[in-house]
Amino acid sequence: MQKKPIKEAIVLKNNVMISLTSIQRQYGEENKAELLTKATVSKSGGQDVISYEDTSATGFEGSITTITVNGSRSASIIREGTANSVLSLEIGRKHFCQYGTPYGNMQIGVYTHAISNELAKKGRLYLKYTLDLNSSYLSDNEIIMTINQA
């Protein structure tokens with residue numbers, strides 16, 4: 001009789017503080033938003049999962065954002081609540097994703113330039129990607145997240 005493989009345990013950390021910096025560059029202008037908030041961090045199936053409540057600092061107050069990272073190969077950013085969106089990021093590939101706004105849903109293109117997942121070693125995550133709408137450039141974006149115990 002073969003033994004079933006043991007599933008990786010889900011490690012859940014509550015009351016973790018994250019520092020999140022979001023940088024958006026568009027036509028020579030740079031907008032930077034910074035957020036320090038409590039988050040939940042877990043690991044499931046080899047993926048890191050970070051979930052936090054957005055605030056007015058990010059412009060998405062009333063939404064919950066969940067970032068799921070698969071090593072340094074791919075990631076997803078799912079926002080649910082007052083704003084709804086699903087962004088899929090995969091190095092060197094363009095994905096078409098749904099992005100909800102108060103005026104309706106849009107389909108945007110997401111091209112990922114970099115994913116650096118050092119959550120296990122240094123508590124740091126870096127994402128860099130470009131957004132377009134109907135193949136017209138929207139912005140270059142960076143997310144820098146640092147996780148610390150509260």
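- Atom OH of Tyr129 is separated from atom NZ of Lys94 by 15.0 Å, given to the nearest 0.5 angstrom.
- When hydrophobic clusters are built by joining Ile, Leu, Val, Met, Phe, Trp and Tyr residues whose side-chain heavy atoms come closer than 4.5 Å, directly or via intermediates, Ile144 is not grouped with Met17.
- Heavy atoms from other residues, nucleotides or ligands lying under 6.0 Å from NZ of Lys128 number 12 at most.
- No chain of hydrophobic side-chain contacts below 4.5 Å, direct or via other Ile, Leu, Val, Met, Phe, Trp or Tyr residues, connects Met145 to Ile23.
- Shortest non-hydrogen contact noted between Gly46 and Asn70 is O-OD1, 4.4 Å.
- Between the side chain of Asn134 and the backbone N or O of Ser136 there is no donor-acceptor pair closer than 3.5 Å.
- Under 3.5 Å, the side chains of Arg79 and Ser63 contain no donor-acceptor pair of N or O atoms.
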Test log, rule side-chain contact (heavy atoms from CB on, under 4.5 Å), inputs Leu20 and Thr146: CA-CA 7 Å; Leu20 179 71; Thr146 306; over 6 Å; no
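- A single hydrophobic cluster is not seen to contain both Val69 and Tyr111; linkage of ILVMFWY side chains at heavy-atom distances under 4.5 Å, directly or through other members, places them apart.
- Side-chain atoms of Glu34 do not come within 3.5 Å of backbone N or O of Ser19 as any donor-acceptor pair.
- In Gln107, the CD atom is crowded: over 12 heavy atoms of neighbouring residues, nucleotides or ligands sit closer than 6.0 Å.
- Both Ile77 and Tyr99 are assigned to one and the same hydrophobic cluster, defined by single-linkage of ILVMFWY side chains at heavy-atom distances under 4.5 Å.
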Tyr52 and Ile18: CA distance, side-chain angles, deciding distance, side-chain contact (heavy atoms from CB on, under 4.5 Å) verdict: CA-CA 9 Å; Tyr52 60 91; Ile18 61 169; 3.6 Å; yes
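- Considering CD1 of Ile64 and OG of Ser51, their distance stands at 6.0 Å, rounded to 0.5 Å.
- Here the CG atom belonging to Asp140 is positioned 10.0 Å from the OH atom belonging to Tyr27, to the nearest 0.5 angstrom.
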Intermediate values then yes/no, side-chain contact (heavy atoms from CB on, under 4.5 Å), Val16 and Thr40: CA-CA 6 Å; Val16 171; Thr40 300; over 6 Å; no
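- Ion pairing between Glu30 and Arg25 holds under the 4.0 Å rule for side-chain N and carboxylate O.
- Within the model, atoms CD1 of Ile91 and OG of Ser74 stand 9.0 Å from one another, a figure rounded to the nearest 0.5 Å.
- Considering every non-hydrogen atom in both Ala39 and Ile50, the closest pair reads CB-CG2, 4.3 Å.
- Leu127 contributes atom CG, which lies 6.5 Å from atom CD1 of Ile67 (distance to the nearest 0.5 angstrom).
- Tracing side-chain contacts under 4.5 Å through hydrophobic residues (I, L, V, M, F, W, Y), one reaches Leu133 starting from Leu89; they form part of the same cluster.
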Worked check of side-chain contact (heavy atoms from CB on, under 4.5 Å) between Leu119 and Arg124: CA-CA 5 Å; Leu119 291 169; Arg124 189 169 187 273; 5.8 Å; no
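- When atom types are taken as modelled, the side chain of Thr112 and the backbone of Glu90 share a donor-acceptor pair closer than 3.5 angstrom.
- The closest donor-acceptor contact from the side chain of Ser72 to the backbone of Asn117 lies under 3.5 Å.
- Note that CD1 of Ile143 is 7.5 Å distant from CG of Asn141, once rounded to the nearest 0.5 Å.
- For the pair Glu53 and Lys38, the salt-bridge criterion is not met [side-chain N within less than 4.0 Å of a carboxylate O].
- Within the 4.5 Å cutoff, the side chain of Lys32 has heavy atoms near those of the Thr21 side chain.
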